[in-house]
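To start, the structure itself, in structure tokens.
Atom set for the values below is all heavy atoms of this structure, side chains included, hydrogens, waters and symmetry mates excluded. Numbering of ligands and ligand atoms starts at 1, following listing order. Bear in mind that the values here come from a model prediction, so they are computed numbers and not experimental data.
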Amino acid sequence: MNRRTTLASAMALTAGLALAGCSSDSSDGKPDLKIGQAFMPEPVSADMAGGFLVVKNDGKTADKLTKVTSDISDDVTMHATKDQKMREVKTFDIPAGGELDLERGGNHIMFMGLKKKPKPGDKVSLDLHFEKAGTVRVDLPVKESTYNPKHH
Ligand code: CU
């Protein structure tokens with residue numbers, strides 16, 4: 001009887017440790033971001049250009065895109081489009097297990113006052129500053145001005 005009690009409590013203790021180890025692994029608090037479908041359509045003038053990409057979050061923690069910068073422009077902002085009108089926003093949300101879609105006709109990144117006019121085949125580098133995941137650099141391949149991957 002006495003031995004049995006000892007064994008049971010030893011098992012309970014082990015189970016408790018295993019559980020604690022497991023839960024600390026699955027909630028490390030980091031978003032797991034993957035960036036894809038990035039491109040910039042060839043701008044029609046050097047005044048402005050749009051940038052498009054998809055950020056997928058496979059983690060259990062939501063993140064936010066808080067700032068965008070590029071060496072091609074000193075004025076890069078995030079724009080939301082509603083009823084065909086665009087307005088600047090301070091952040092874009094990337095939900096846990098979800099994605100942020102920046103696509104033609106919708107939300108996008110706006111480059112004003114381009115230092116040079118990119119041509120198809122060029123690459124424009126863009127730094128995405130995330131609240132939790134830190135800074136991620138992506139190269140936007142420059143495509144023809146009418147390019148839209150969703151319509152292929
Ligand atoms: Cu815009």
Would you say the Cu ion (ligand 1) has Thr77 as a near neighbour, meaning an N/O/S atom of that residue under 2.8 Å away? no
_Would you say the Cu ion (ligand 1) has Met48 as a near neighbour, meaning an N/O/S atom of that residue under 2.8 Å away?_
no
Pairing of Asp71 and Lys115 as salt bridge, 4.0 angstrom limit: no
Once the angle between the rings of His108 and Phe52 is folded into 0 to 90°, is it parallel (under 30°), tilted (30 to 60°) or perpendicular (over 60°)?
tilted
Checking distances from the Cu ion (ligand 1), one finds that the N, O or S atom of His79 closest to it is ND1
Value for NZ (Lys34) from CG (Asn57), rounded to nearest 0.5 Å, stands at 9.0 Å
Taken to the nearest 0.5 Å, the spacing of Thr66 OG1 from Lys90 NZ works out to 11.5 Å
